[in-house]
Amino acid sequence: MTHTKKILCILFAVLMVVSCCAVTAGASSAFQTYVYDIYGKPLYSPDAYTAISAVDSKAMGLDIPLENPGDMVTDPDQNVYIADTGNNRIVVLDRYYKVKFYITNFSNDQGVPDFLTGPQGVFVSEPNSKYPERLIWVCDTGSNRIVVFDAEGNFQRVIEEPESSLFDEDSVYKPVALAVDAYNRLYVVSSTTYQGVIVMTDEGQFTGFIGAQAVSMSAWEIIWRRFQTKEQRENSEQKVSTEFNNITINRQMGLVYVTTSTIDDGAVEGAIRGKDKTGTNAPVKLLNANGDEIMRRNGFWPPAGEVDFATGQTDEITGVSRIIDAAVGPENTWSIIDEKRNRIFTYDFDGNLLFAFGDSNNSNMLGGQGTNGLEAIAYQGTKMLLLDKTNDNITVLQRTEYGDVLLQAIAAEATQDFDLAINLWTDVLKRNSNFDSAYVGIGQAMFRNKDYENSLTYFESAYDTDNWSASYKEIRKEWMSTYFLLLLAIIVALIAGVVLFFKVMGKINTRVATSGKKRTFGQEIAYGFYVIFHPFDGFWDLKHEKRGSLRGAIFFVILAIAAFYYQAIGQGYLLDPFGGFASVWAQILGVLVPLFLFVLANWCLTTLFEGEGSFKDIFIACSYSLLPLPLLIVPATIYSNFCITTEADIIGFISTIAFIWLGLLVFFGTMVTHDYSMGKNVITVLGTVVGMVFIMFIAILFTTLIGKIVGLVTNIVTEIQFRM
């Protein structure tokens with residue numbers, strides 16, 4: 001019995017080890033799926049798609065292996081169409097990736113034998129009133145034309161190069177990709193055309209260009225153009241080679257996605273870092289039939305592929321993404337390919353990144369075969385297909401349960417089933433707490449359900465200030481309608497209080513000016529409110545009549561420090577969504593260091609140039625000049641707790657006025673204190689700024705020297721101790 005137990009224990013242990021080491025065949029996930037947070041750092045995410053198979057030419061049943069394939073699309077029946085560029089043919093596969101037929105040789109309109117030459121693009125249009133059957137449109141790139149076939153691969157007609165005076169005389173028509181909308185309009189991408197996407201009728205009649213890229217010029221180029229001839233200027237306008245490289249269409253909406261990889265990397269980087277919503281330098285655009293760029297860029301970062309492109313944190317590759325293809329998925333989601341990293345980025349229609357994954361740096365996506373040269377992407381029901389031109393195969397990825405829930409949540413939002421959307425987004429968060437878009441989704445669903453209070457919490461979790469502002473606007477509107485009379489009374493009381501306060505300060509200053517008595521501390525403080533509105537008389541009396549004092553100056557310095565500290569801890573959510581905090585010591589240094597640097601530099605300089613003010617006089621004048629800061633910054637900070645996004649600029653404007661006011665007071669204060677003319681004071685103030693820089697340089701140099709001396713002494717003492 002004991003021997004039997006030992007055998008059973010050993011078998012159980014072996015089974016445990018095997019089960020831990022087992023990997024589901026054909027369903028590996030060697031790549032890492034991730035999203036980006038608001039800081040631009042990658043956050044791990046569950047896989048939305050997982051690779052299940054790699055279909056090569058042999059598995060497809062091809063007579064000749066794929067060679068440098070250039071494009072791939074699918075149809076609603078899940079058939080797959082591949083532009084086999086190297087073999088001059090179109091390969092049509094069924095939903096199980098088995099070959100159905102080829103399109104290569106055909107008899108043209110004149111009944112003459114013809115053939116495809118290096119086709120790079122293929123598109124399949126659905127039946128409509130004019131064409132009752134499915135059509136296959138082929139970019140016959142090598143022959144500079146488009147050839148149309150029926151669903152069985154039978155030749156229909158040839159669409160030759162369009163004619164228009166808008167084309168350059170020496171331009172070459174090279175169609176590499178196309179899309180056809182429900183009205184049979186053709187949107188053609190030509191690899192040598194920089195004017196934009198070519199739009200023509202199904203008969204080949206040219207109707208115009210759409211989506212032309214904006215020409216960006218440096219300051220030097222703008223100046224140089226003034227000295228160029230007309231011909232030189234025309235040539236320089238054509239130097240910006242920003243042709244599109246691919247196109248796809250959202251059939252449901254009739255909108256086209258176009259991609260390009262020829263925009264300057266620096267321009268793309270600037271658009272990403274600046275979170276540009278205009279799409280001027282975007283590598284992927286969404287165009288309507290008029291050619292207007294209408295892409296929504298409401299995510300944390302504009303849809304342009306990799307965000308953390310500078311550090312290479314997600315892999316060893318740096319630099320912005322090189323986008324070469326796009327595909328429209330379920331629920332108006334869409335994906336793009338980053339050729340540089342062999343990576344896929346998928347977004348919703350609002351431009352939120354749903355997931356990113358891929359096989360960068362020749363790592364393995366499936367088994368022992370990596371995706372080293374992604375060329376095209378297409379959706380096939382719940383699957384995603386990736387065409388690899390290096391391995392000449394198709395990688396098939398199946399949507400996971402996480403991906404299903406994600407799309408169900410997006411669908412619930414689209415159908416305005418907000419209760420269901422909240423539940424589904426909550427399920428997404430259970431699987432992926434890093435997914436900030438889920439917090440936004442819940443918040444938006446609550447907003448549409450008019451649950452504004454609770455929506456704020458979810459928007460705050462994702463640092464989504466725009467949606468937070470929209471919810472808070474509704475809360476504020478409701479509060480204002482309820483307490484309108486109370487709010488009006490508070491505003492009137494505040495205005496009356498401010499007016500009364502300044503009247504009291506004015507009476508105190510008038511009484512003190514004629515009393516001839518010794519000034520109290522309160523009277524010295526009250527005089528500051530006279531100085532800020534009457535700088536010439538105010539600073540004169542501040543010095544010569546002793547209307548102020550050193551203790552009053554110190555009070556205003558402390559008041560300025562307190563105002564900045566309150567600003568640091570008391571700003572509203574819109575201006576401080578990350579809950580930033582600065583210590584009181586940082587505010588003390590922030591006020592005292594520039595103040596003492598200016599006073600010291602000004603005193604040193606004016607001592608040499610017949611200035612009449614002492615160090616104390618300069619310090620008092622500059623300190624009294626600080627009063628506008630608390631007068632304006634404190635109310636602006638209070639208001640920041642009640643403002644919305646469109647009003648945030650008002651707070652910045654108020655702060656700007658405070659610093660301009662401070663600068664003018666310091667300027668006139670030093671002029672009156674030293675009894676300088678306007679011109680001499682301008683030179684002195686500029687010299688003071690230079691002196692401040694010089695003093696800081698000396699201080700840093702001295703500190704560094706002291707540090708090195710201390711380090712040397714420490715090393716000597718340590719060495720002596722070791723030797724003793």
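Residue Lys58 places its NZ atom among 12 or fewer non-hydrogen atoms of other residues, nucleotides or ligands, all under 6.0 Å distant. For Glu133, the CD atom sits in a packed shell: over 12 heavy atoms of surrounding residues, nucleotides or ligands are nearer than 6.0 Å. Within a 6.0 Å radius of CZ in Phe115, other residues, nucleotides and ligands contribute 12 heavy atoms or fewer.
Between Arg399 and Asp404 there is a salt bridge, since at least one side-chain N of the basic residue sits less than 4.0 Å from a carboxylate O of the acidic one. For the pair Asp140 and Arg145, the salt-bridge criterion is met [side-chain N within less than 4.0 Å of a carboxylate O]. Comment: Lys41 does not engage Asp37 in a salt bridge, judged by the lack of any side-chain N to carboxylate O separation of less than 4.0 angstrom.
Between Ile210 and Ala289 the shortest heavy-atom distance is CG2-O, 4.2 Å. Nearest heavy atoms, Tyr34 versus Pro42: CD1-CB, 3.9 Å.
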* To do: Walk me through it: do Lys285 and Tyr257 pass the test side chain to side chain contact (heavy atoms under 4.5 Å, CB included)?
  => CA-CA 6 Å; Lys285 301 176 186 293; Tyr257 289 92; over 6 Å; no
* Asked: How far apart are the C-alpha atoms of Ile344 and Tyr49, what are their side-chain angles, what is the distance that settles it, and do they pass the side chain to side chain contact (heavy atoms under 4.5 Å, CB included) test?
  -> CA-CA 11 Å; Ile344 296 89; Tyr49 283 85; over 6 Å; no
* Asked: Would Thr259 and Asn245 count as a side-chain hydrogen bond (donor to acceptor under 3.5 Å, both in side chains) if you check the C-alpha gap in whole Å, the side-chain angles of each, and the deciding distance to 0.1 Å?
  -> CA-CA 6 Å; Thr259 61; Asn245 55 29; 2.5 Å; yes
* To do: Quick one: do Tyr102 and Asp84 satisfy side-chain hydrogen bond (donor to acceptor under 3.5 Å, both in side chains)? Show the steps, please.
  => CA-CA 10 Å; Tyr102 307 102; Asp84 189 6; over 6 Å; no
* List the steps, then state whether salt bridge (Lys or Arg N to Asp or Glu O under 4.0 Å) holds for Asp94 with Lys100. => CA-CA 6 Å; Asp94 63 18; Lys100 293 180 66 175; over 6 Å; no
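Here the side chains of Arg89 and Ile103 are not in contact, with every heavy-atom distance at 4.5 Å or above. Counting heavy atoms from C-beta outward, Phe309 and Ile272 have side chains that approach closer than 4.5 Å. Between Trp334 and Val284, the closest side-chain pair of non-hydrogen atoms falls below 4.5 Å. In this structure, Gln205 and Met200 have side chains that are not in contact, with every pair of non-hydrogen atoms separated by 4.5 Å or more.
Considering Leu287, Leu255, Val256 as possible partners of Ile249, the one that fulfils the side chain to side chain contact (heavy atoms under 4.5 Å, CB included) test is Val256.
Ring to ring, Phe149 and Phe106 are close: their centroids are under 6.0 angstrom apart.
Listed for the Ser321 side chain is no donor-acceptor partner under 3.5 Å among the backbone atoms of Ile323. A donor-acceptor pair under 3.5 Å is formed between the side chain of Thr400 and the backbone N or O of Ala48.
A donor-acceptor contact under 3.5 angstrom links the side chains of Tyr402 and Asn432, judged on distance only.
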